[in-house]
Asker: 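One structure coming up, written as C-alpha cells, with questions to follow.
So that the names make sense, note that chain A is the first sequence line, chain B the second, and so on, each numbered from 1. Note that these values count all heavy atoms, side chains included, but never hydrogens, waters or copies made by symmetry.
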Protein chains: 2
Amino acid sequence: MFKKVLIVDDLMSINLGVNAMLKNGYTQNVVYAHYCDEAILKLKRAEQDGEPFDLLITDLSFKEDHREQKLKNGEDLVMTVNMTWPDLKVIVYSIEDKIQRIRRLIHQYQAKAYVCKGRYGLKELEQAVAAVNKNSTYLSPSVETAVNGQEVNEIDDFDVLLLNELALGLSQDEISKQFKEKKITPSSLSSIEKRLNKLKIQLQANNSIHLVAIAKDMGII
Amino acid sequence: MFKKVLIVDDLMSINLGVNAMLKNGYTQNVVYAHYCDEAILKLKRAEQDGEPFDLLITDLSFKEDHREQKLKNGEDLVMTVNMTWPDLKVIVYSIEDKIQRIRRLIHQYQAKAYVCKGRYGLKELEQAVAAVNKNSTYLSPSVETAVNGQEVNEIDDFDVLLLNELALGLSQDEISKQFKEKKITPSSLSSIEKRLNKLKIQLQANNSIHLVAIAKDMGII
DNA sequence: AATAATGTTACGGAAACCCGTAAGTATTTA
DNA sequence: TAAATACTTACGGGTTTCCGTAACATTATT
C-alpha cells in the first residue's frame, strides 16, 4: 500500500484508467497534477504538511500551453525529483520508446519503473505498481532487454554533447574551439574527428549527416 | 448524426472518453479497431454488407506488436482510406504536432479535421465532430494558422525526397547517380547542390547536417 | 620503475562539400 | 517567332570532412 500517490499527466482520459487501477487495492489517496511545475509545488506542499508522497507516476511528454513552465517535460521532472526527493519512488508511464532516454531515466535519475503506454499498458502499469510496492523494479517487456542488456552502445555524455553541437550546425572546427573555451576535453579537432568516427562505426552511419539522423531517431539527441 | 463511426486507436483508455462523447448525441453505432489493418478489414466488410461507415476517427501512432501489419501507422491508413473510400470523412485525433505531416493529411489525403490530443483534446474533438457533421472542417487552434497560413515554406516532394536520401547517409554524388537511374529530374550534382542551398536558406541551416536535423524536428522527414 | 595500454593531439592527402560564375536548355511572354 | 525568364547542368577553387599514420601524454599493469 502507498500512503499518497501523485499522478502527473496532462491527458485526462488516461488518468481515468490509472486511477481505477490504483484505487483497487493500492492506495486511498491519489492526487493529480497536469503540469510538471504544478507537480513540484504539490510535492513541496505535501512535504511541508508532513504528509509527503511516496509514489510518483508521470508521463514524459506534455503539450505546451499559454502558461510558462519551468519544467518542460517529464524528464526534467524526474531529474528534479531525483535530486530533491531521492527517496520518492518514481514510475514513468509514457508512449515514448527511445531507448537512450529510458536508460537515462532508469540509471541516471533512478526511476523505479518504466511502462510503455500501449495495448497492454494498464496491465503492465499494475505490475509495475506491485513491483515498486515490494521495493522491486519493473520494465515493460518491450524495453527490458534493451535497457538491461550489456552496454552495447557505450555512448557517454561527451558523445551526446558532441552530437548535439553537430545537429545545431556547428562545424567540427567550431566545436573544437568551443570546447577549448569551455575547458571541455578532449577538444582538439583530431579528437573530435576520432570520436565521431567511433560513433559512426557504433551506429553504422555512412557519414555525419547519417549519424545525426540516426541519433535523432534513437532519441540520443 | 452519423450512421456508423469507426474509431481506430490502440490505447483503450483514450477510446473511453471519445466513446462517451459520441454516444451523447452524434451516433448510435460505434465500432472500434486497434490496428490499422483491422480497420481496413472492417471498412471493407461494412461496405460489402451495404452498411458502410460514414465517419472515421483515427490516431496516428500505433505501438508495434508481434502481429505483422501492412499499414504501420495512421498516415498510411488515412492515405489508403482516401484512395479507396474518398467519400468517407476522416478525423485525425493525435498527439502528433509536426506541421508538415498535418499539412499532408489535410491537403493531400483530404482529412476533414485534425485534433491535437491535449488538455482540451476531448472538447476540441467534439467541435470537430460537430463541424464535420455539418460538412465543414475543423483544425485545433494550435495548428490552425500553421496549416492554413500562406505557404511560407514551399517545400515540394522533390525536396522531401532529397532530404530523405541525405538522412539515409547517401553522398550528394550518390544521390545524383541514383536519381539518374530512376529518371528523376533534376539529377545533376549541380542541381542537387543548388536545391540543398535553397533549403538551407529557407530553413536557416548552417550546413547539411543542420538541415537534416531541422527537417527531422519539423517532421518533414 | 619499466612497460603496456589507452587517450589526446598533430599532420597530410584524398574525397566531399560549399559557393560563385556561366553556359546550355526549356518554358513563358510579348 | 523572338525575347525574356526560369531551370538545369558544368566547372573551378576554397573549405570542410574523412581517414590513415604517428608522436606525445596519461593511466594501468607487473
Asker: Kindly indicate whether the side chain of S208(A), heavy atoms from C-beta on, has any atom under 4.5 Å from the side chain of Q172(A).
Answerer: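 In short, these two side chains touch, coming nearer than 4.5 Å.
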Asker: Side chains of K177(B) and E174(B): closer than 4.5 Å at any heavy-atom pair?
Answerer: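 No, their side chains stay 4.5 Å or more apart.
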Asker: Which nucleotide in the list dT8(C), dC19(D), dT9(D) gets nearest to the side chain of S191(A)?
Answerer: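 The answer is dT8(C), which lies nearest to the side chain.
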Asker: Test for a donor-acceptor pair under 3.5 Å between the base of dC19(C) and the side chain of E193(B), counting only N and O atoms.
Answerer: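 Result: at least one qualifying N/O pair found.
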Asker: Go through dC18(D), dT9(C), dC17(C) for me and flag the one nearest to the K200(A) side chain.
Answerer: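 Of dC18(D), dT9(C), dC17(C), dC18(D) is nearest to the side chain of K200(A).
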Asker: Checking all strands, does T185(B) fall into the base, sugar-phosphate, or nothing category for heavy-atom contacts under 4.0 angstrom?
Answerer: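 The residue T185(B) makes no contact with any strand.
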Asker: By nearest nucleotide on DNA chain D, pick out whichever of P186(B) and I209(B) is the more 5' one.
Answerer: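 That would be P186(B).
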Asker: Quick check against the 3.5 Å criterion: does N164(B) have a side-chain atom that pairs as donor or acceptor with the backbone of V160(B)?
Answerer: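 Confirmed, N164(B) side chain pairs with V160(B) backbone.
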Asker: Closest approach to the side chain of S171(A), judged atom by atom: which nucleotide of dT17(D), dC18(C), dC11(D) is it?
Answerer: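 Per side-chain heavy atoms of S171(A), the pick is dT17(D).
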Asker: How long is the line joining NZ of K198(A) and C1' of dG7(C), in whole Å?
Answerer: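 Nearest whole value for this atom pair: 12 Å.
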Asker: Are V132(B) and F2(B) close enough that some pair of their side-chain heavy atoms sits under 4.5 Å apart?
Answerer: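 Yes. Closest side-chain heavy atoms under 4.5 Å.
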Asker: If you only use heavy atoms from C-beta on, which nucleotide in dT9(D), dT8(C), dT17(D) is closest to the side chain of Q172(A)?
Answerer: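 Nearest to the side chain of Q172(A) among the choices is dT17(D).
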Asker: Nearest whole Å is fine: how far is dC7(D) P from I192(B) CD1?
Answerer: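 Taking atom P of dC7(D) as the reference, CD1 of I192(B) is at 17 Å.
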Asker: Please report the distance, rounded to the nearest Å, between CZ in R195(A) and C1' in dT17(D).
Answerer: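 In whole Å, dT17(D) C1' lies 19 Å from R195(A) CZ.
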Asker: Whole angstroms only, please: what is the NE2-C1' distance between H210(B) and dT17(D)?
Answerer: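 Interatomic distance, NE2 of H210(B) to C1' of dT17(D): 18 Å.
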Asker: From CG of L189(B) over to P of dA16(C), roughly how many Å is that when rounded to an integer?
Answerer: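 Going from L189(B) (CG) to dA16(C) (P), I get 10 Å.
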Asker: Are any of N207(B)'s side-chain N or O atoms less than 4.0 Å away from OP1 or OP2 of dC17(C)?
Answerer: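 Result: no.
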Asker: In whole angstrom, what separates F179(B)'s CZ from dT9(D)'s C1'?
Answerer: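 Result: 16 Å.
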Asker: Measuring from the side chain of S208(A) (C-beta onward, heavy atoms only), which nucleotide among dC18(D), dC11(D), dT8(C) has the closest atom?
Answerer: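 For S208(A), the side-chain atoms sit closest to dC18(D).
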Asker: Quick one, F179(A) with I192(A), criterion side-chain contact (heavy atoms from CB on, under 4.5 Å). Give me CA distance, side-chain angles, the key distance, then yes/no.
Answerer: CA-CA 10 Å; F179(A) 281 7; I192(A) 286 173; 4.3 Å; yes
Asker: Would you kindly give the CD-to-P distance between E174(B) and dA16(C), to the nearest whole Å?
Answerer: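 It works out to 8 Å between those atoms.
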Asker: Please give, in whole Å, the distance from dT8(C) C1' to L196(A) CG?
Answerer: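 After rounding, the gap between these two atoms is 15 Å.
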Asker: Where the side chain of S190(A) is defined as all heavy atoms beyond and including C-beta, which of dC11(C), dA10(D), dC19(C) is the nearest nucleotide?
Answerer: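 When the side chain of S190(A) is considered, dC11(C) is the closest of dC11(C), dA10(D), dC19(C).
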Asker: Tell me which nucleotide among dT8(D), dC11(C), dC19(C) gets nearest to the side chain of K194(B).
Answerer: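 Among dT8(D), dC11(C), dC19(C), the one nearest the side chain of K194(B) is dT8(D).
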